[in-house]
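Working notes for the structure below.
All residue numbers refer to positions in the sequence shown, counting from 1.
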Amino acid sequence: MQEEGKKLVLFFGPPGSGKGALSQMFVEKFGWLQLSTGNLCRKHCKEGTDIGQQINIAIKSGKLVSDQLIINMVMDYLKNDTNGCQAVILDGFPRTVFQAEEFVDLLKIYYSKFTIFFIKLLITREELVARVLTRRTCSNKSCQSVYSEREESCMPLVPGICDKCGNKLFQRDDDAIDSISGRLDIYYEHENKLLNFYKNTGQKIYNVNSQDTIENVFKNIEKIIGGECDID
Ligand code: AMP
């Protein structure tokens with residue numbers, strides 16, 4: 001596989017901004033790889049691994065997991081699961097300046113040949129709350145596909161059942177009304193610092209309006225990053 005044309009796409013946005021659903025669409029359309037640190041954390045919790053036991057409380061209450069644990073998970077993934085890939089989407093990482101600083105070093109090791117696209121999803125807080133409250137997730141830890149009870153194009157074919165694997169959909173603990181406000185506060189607390197960090201390091205940030213249908217948001221991102229590295 002040629003080194004040229006490889007892409008690393010970073011989705012940056014609050015919970016409910018569409019990172020997971022958009023990543024899924026790129027994975028399905030182009031066969032790209034996706035690492036969602038949130039999905040990975042939830043998988044550890046469901047499997048009851050050592051890491052899962054350490055992070056269970058943070059995940060359920062919507063608090064951030066320790067930077068070092070997250071960085072180790074991402075490093076393991078990059079080292080073991082991305083060989084020969086054409087494009088990788090990172091969904092939900094880096095989330096703090098500490099993670100971003102470490103990430104710069106990871107980039108030099110694993111992604112020196114990749115073009116990086118930093119996509120920031122823009123959406124109002126009111127819309128986020130409405131989306132998260134109506135979000136439903138596949139209970140299969142290896143699937144975790146995301147659906148909406150509100151947006152028609154994101155509804156499952158059979159209510160309450162995942163189109164892809166047939167498992168039941170559920171509402172994540174951290175998507176319940178008690179957790180959302182705190183999760184958004186935590187996200188915004190880090191957002192400005194992260195944006196300043198990226199500005200200072202000269203990273204170009206593409207702002208994309210995410211308050212639109214998922215199809216339109218997908219098309220707009222596709223225009224920015226191009227779909228030409230389809231691996232079929
Ligand atoms: P998400 O699915 O991206 O909303 O993530 C769900 C939860 O996973 C977050 O509320 C955090 O507890 C944890 N998490 C995911 N990504 C990170 C990260 N980069 N840093 C710290 N915690 C994370």
Side-chain angles (χ1 to χ4, degrees), residues 8-23 34-45 51 54-78 88-108 111 116-133 135 137 144 146 172-211 217 221:
L8 178 64
V9 181
L10 285 98
F11 281 130
F12 183 58
S17 57
K19 303 184 299 290
L22 289 160
S23 301
Q34 171 202 11
L35 174 63
S36 156
T37 43
N39 283 0
L40 202 54
C41 287
R42 282 184 289 278
K43 192 160 183 267
H44 274 289
C45 290
I51 292 179
Q54 290 176 58
I55 65 179
N56 204 21
I57 294 175
I59 295 291
K60 287 208 163 127
S61 60
K63 303 227 164 69
L64 290 187
V65 167
S66 97
D67 284 329
Q68 203 51 58
L69 266 179
I70 289 284
I71 289 161
N72 291 347
M73 281 183 197
V74 174
M75 272 177 71
D76 273 355
Y77 175 80
L78 299 183
V88 180
I89 301 171
L90 292 184
D91 151 12
F93 176 87
R95 211 119 140 181
T96 64
V97 171
F98 185 85
Q99 291 176 18
E101 284 167 348
E102 292 287 308
F103 186 59
V104 171
D105 293 334
L106 292 182
L107 286 179
K108 287 182 201 142
Y111 288 126
I116 301 174
F117 296 91
F118 192 94
I119 309 284
K120 181 168 184 290
L121 301 170
L122 306 174
I123 179 166
T124 64
R125 190 170 174 125
E126 293 69 34
E127 174 66 14
L128 290 170
V129 171
R131 279 193 192 177
V132 170
L133 286 177
R135 174 158 72 183
T137 305
Q144 298 193 45
V146 179
R172 282 165 39 185
D173 288 337
D174 58 345
D175 279 350
I177 190 135
D178 319 350
S179 299
I180 292 174
S181 189
R183 280 175 75 199
L184 290 175
D185 289 345
I186 291 173
Y187 170 81
Y188 289 119
E189 186 192 315
H190 290 283
E191 185 187 74
N192 267 344
K193 292 181 210 158
L194 260 178
L195 291 175
N196 280 336
F197 171 82
Y198 285 118
K199 260 182 221 150
N200 292 337
T201 52
Q203 174 65 54
K204 182 171 174 46
I205 296 167
Y206 294 93
N207 288 314
V208 174
N209 174 21
S210 193
Q211 200 144 332
V217 182
I221 297 175

Check: Are any non-hydrogen side-chain atoms of Gln54 and His44 less than 4.5 angstrom apart?
Finding: no

Item checked: Residue Ile205 excluded, over 12 heavy atoms near CD1 under 6.0 Å -> yes

Notebook entry, point to check: Say you draw a straight line from CD of Glu101 to OG1 of Thr96; how long is it, rounded to the nearest 0.5 Å?
Noted result: 8.5 Å

Next item on the list: Just do the side-chain contact (heavy atoms from CB on, under 4.5 Å) check on Asp105 and Lys108 with the steps written out, would you?
Entry: CA-CA 5 Å; Asp105 293 334; Lys108 287 182 201 142; 3.7 Å; yes

Check: Is any side-chain heavy atom of Ser36 closer than 4.5 Å to a side-chain heavy atom of Phe11?
Finding: no

Checklist line | Worked verdict on Tyr188 versus Arg125 for side-chain contact (heavy atoms from CB on, under 4.5 Å) | finding: CA-CA 10 Å; Tyr188 289 119; Arg125 190 170 174 125; 3.8 Å; yes

Next item on the list: State the CD-NZ distance between Gln144 and Lys43, to the nearest 0.5 angstrom.
Entry: 8.5 Å

Check: Is the closest side-chain heavy-atom distance between His190 and Leu64 below 4.5 Å?
Finding: yes

Notebook entry, point to check: Between atom CG of Leu8 and atom CZ of Phe117, what is the distance when rounded to the nearest 0.5 Å?
Noted result: 9.5 Å

Note to self: Suppose we call two aromatic rings close when their centres sit under 6.0 Å apart. Are Phe197 and Phe98 close by that rule?
What the structure shows: no

Margin query: Could you walk me through whether Ser23 and Val9 satisfy the side-chain contact (heavy atoms from CB on, under 4.5 Å) test, starting with their C-alpha distance in whole Å, then the side-chain angles of each, then the deciding distance to 0.1 Å, before giving a yes or no?
Written below: CA-CA 9 Å; Ser23 301; Val9 181; over 6 Å; no

Item checked: The single option from Tyr187, Phe93, Phe103 passing ring-ring contact (aromatic ring centres under 6.0 Å, His included) against Phe12 -> Tyr187

Check: What distance do Ile186 atom CD1 and Glu191 atom CD have between them, rounded to the nearest 0.5 Å?
Finding: 14.0 Å

Next item on the list: Compare every heavy atom of Cys41 with every heavy atom of Ile70, then report the nearest pair and how far apart it is.
Entry: CD1-SG, 3.8 Å

Check: Within a strict 4.5 Å, meaning less than it, do heavy atoms of the Leu121 and Leu22 side chains meet?
Finding: yes

Notebook entry, point to check: Side chains of Glu102 and Met75: does their closest heavy-atom pair fall under 4.5 Å?
Noted result: no

Margin query: Taking the side chain as everything from C-beta on, heavy atoms only, tell me whether Met73 gets closer than 4.5 Å to Thr37.
Written below: no

Notebook entry, point to check: Roughly how far, to the nearest 0.5 Å, is CG of Asp91 from OG of Ser17?
Noted result: 8.5 Å

Next item on the list: Locate the shortest heavy-atom distance separating Pro15 from Leu184; write the atom from each residue and the value.
Entry: CD-CD2, 3.8 Å

Check: Is the backbone of Gly13 close enough, under 3.5 Å, to the side chain of Lys19 for a donor and an acceptor to pair up by distance?
Finding: yes

Checklist line | Minimum heavy-atom distance between Ile59 and Asp174, given as atom pair plus value | finding: O-CB, 3.6 Å

Next item on the list: Report yes if the side chains of Leu195 and Lys120 come closer than 4.5 Å at any heavy-atom pair, otherwise no.
Entry: yes

Next item on the list: Would you please test Arg183 and Asp175 for side-chain contact (heavy atoms from CB on, under 4.5 Å) and show each step?
Entry: CA-CA 9 Å; Arg183 280 175 75 199; Asp175 279 350; 2.8 Å; yes

Notebook entry, point to check: What are the two closest heavy atoms between Glu127 and Ile123, and how far apart are they?
Noted result: CG-CD1, 3.5 Å

Checklist line | Check: Cys45 and Lys60 side chains under 4.5 Å, non-hydrogen atoms | finding: no

Checklist line | Atom pair CD1/CG of Ile116 and Leu107 - distance to nearest 0.5 Å | finding: 4.5 Å

